[in-house]
Protein chains: 2
Amino acid sequence: MSPEAQTGPATQIANDLRAAIANGTLQPGAKLPTVRDLAEQYGVSRNTAAKAIAQLSNEGRIVTRYGSGAYVREAHPVRRVGQDRYAKSNWANSTVEVYRDERHEGEPAEQQGTQTQEVTLLSADERVAQALGVEVGADVYERDRIMFRDGKPTHLVTSYYRREDVEGTAIIDSRPGMAGSGGSFAILAERGLAPDEMTEELFARMPTVEEMVSLDLPPGEPVVEQWRTTRTAEGRVIEYAKGVHPASRFVWSYTFKIPD
Amino acid sequence: MSPEAQTGPATQIANDLRAAIANGTLQPGAKLPTVRDLAEQYGVSRNTAAKAIAQLSNEGRIVTRYGSGAYVREAHPVRRVGQDRYAKSNWANSTVEVYRDERHEGEPAEQQGTQTQEVTLLSADERVAQALGVEVGADVYERDRIMFRDGKPTHLVTSYYRREDVEGTAIIDSRPGMAGSGGSFAILAERGLAPDEMTEELFARMPTVEEMVSLDLPPGEPVVEQWRTTRTAEGRVIEYAKGVHPASRFVWSYTFKIPD
DNA sequence: TAGTGGTCTAGACCACTTC
DNA sequence: AAGTGGTCTAGACCACTAA
């Protein structure tokens, strides 16, 4: 960045527009002045005005529609993600699915289906091996999914399982929907590997280009990467999973007793 | 963004450099080709080459040093933030501080001190009022802090307390360091308001301009915003706090039993 | 067809680092 | 003094939207 305060025309235009968005002069969904109008109003070149628009886009404050205009970004429906989504009551009866409590009110469950699923048998890298408690290079199953809702991608999940834990189950059936959107816990429980404890680690970062495409992310939208380790009551790890979630659509909630 | 695949020269340069970073050809800390060199190599204008550099900067993959060059961003030391940081053993003895377990090995505790602290008595807005269980407009204390480590800002914390809970305590003493970096739990416990349960809600977003300045954030660095509600065993809320953390420097970890 | 966002050029100047 | 990142201009062209 610039060494001192940024006082160039492009920065000034961006600041003005940002303030207008912040104080409500420009409501969500409102159309911003065109690049050409801004250039004229501020007496700068079109290039400079466009730079201000691009800046706000990178900050995630506006979206631009090619050939149409730039618009203040709409508020996003946010999903609150708490420990309850894993509740045993959701999967003890294997006909229901995990994530049930995340469903919008009145929304048919059918709209939640997994749309893509890809299962491969591969050699565990160091990270996965350590998490699953197998040796590096051992065969493990990877299940790669893109989760959809209302026809739009919501998040990515990549799960890893010890081979012997899931061999022959619907979990590794590549046909989409065979394991539902979370029936894996019920299936594991039936095999005597009932989930009991979980560790979730999360952090945020900017998305990769591939993630921007898969999740249809606008510029300036970070993602939350989550690593989930699921264990049985005996402490055996039965699933190690990575999730990639668009930051603006999820709030993560954890409630716990303060430890001694 | 562009409607189809992005195949402009600037995008191509950015892609090439991004790939070089990803595959290790350009190691962290390595200097990228200069804008002028890139322009010549690709046969484009300097402007276009600069755009590619700016793009990678916005993605958080490189940092640019004015007058010096562009460099692959160094790996950041990451702090793992788990429930243990609130453990009672850390504050039951009021001479020690919370966050003790986050300290780097061998690093003097003194380097962790709060550097700025600002306390104000203000009227609770709806969010704070609801969280603290007081009426909207009631007087509450706000304690605004910037936390430092090794002379550099690490995160922002804004805490809210019910007036009667903290009146006359060191918690609302504006002199920096009076409440240490977490002695507030010990102080509250001494008043019969021992923390027992906590809810943390978090999500990621791009920072505001003010946060970029306060936290010395590079472009392309998201922040994690955390809202923490602390309750006594009786369920009374004794602190409601907002934290703003640079995304790349923290990993959040939660371990819990799967609920029934 | 007209309007709009996105990109690029060629040249210029500025602010800062490095030597 | 030389090198480098950052910004800006004026003009051009392209891709897409909307009527």
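In the text below, chain A, chain B and the rest are named by the order of the sequence lines, each starting its count at 1. If you're wondering where the values come from, they're calculated on a predicted model, not measured in any experiment.
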From CG of Leu38(A) over to P of dG6(C), roughly how many Å is that when rounded to an integer? 12 Å

For the residue pair Glu200(B) and Tyr254(B), confirm or rule out a side-chain donor-acceptor distance under 3.5 Å. yes

Asn47(B)-Ser45(B) side chain donor-acceptor pair, cut-off 3.5 Å: no

To the nearest Å, how far apart are Arg46(B) CZ and dG6(D) C1'? 9 Å

Atom pair distance, as rounded to whole Å: OH in Tyr42(B) and P in dT9(C): 13 Å

If you find the nucleotide of DNA chain D closest to Ser68(A) and the one closest to Ala10(A), which residue's nucleotide is nearer the 5' end? Ala10(A)

For dG3(D), does either OP1 or OP2 sit under 4.0 Å from a side-chain N or O belonging to Thr34(B)? no

Rounded to the nearest 0.5 Å, how far apart are CD1 of Ile172(A) and CZ of Arg143(A)? 10.0 Å

If you assign each of Leu32(B) and Tyr71(A) to its closest nucleotide in DNA chain D, which residue comes earlier from the 5' end? Leu32(B)

Specify the separation, in whole Å, of atom CG of Asn47(A) and atom P of dG6(C). 12 Å

Between P on dT4(C) and CG on Asp37(A), what's the gap in Å once rounded to a whole number? 6 Å

Roughly how many Å is it from CZ in Arg65(A) to C1' in dG3(C), rounded to a whole number? 15 Å

Whole-Å gap separating P (dG6(D)) and OH (Tyr66(B)): 7 Å

Thr48(B) side-chain N/O to dT9(C) phosphate OP1/OP2 under 4.0 Å: yes

Rounded interatomic separation in angstrom, taking CZ from Arg36(B) and P from dC14(C): 14 Å

For Gln55(A) and Glu59(A), test the side chains for any donor-to-acceptor distance below 3.5 angstrom and give the result as yes or no. yes

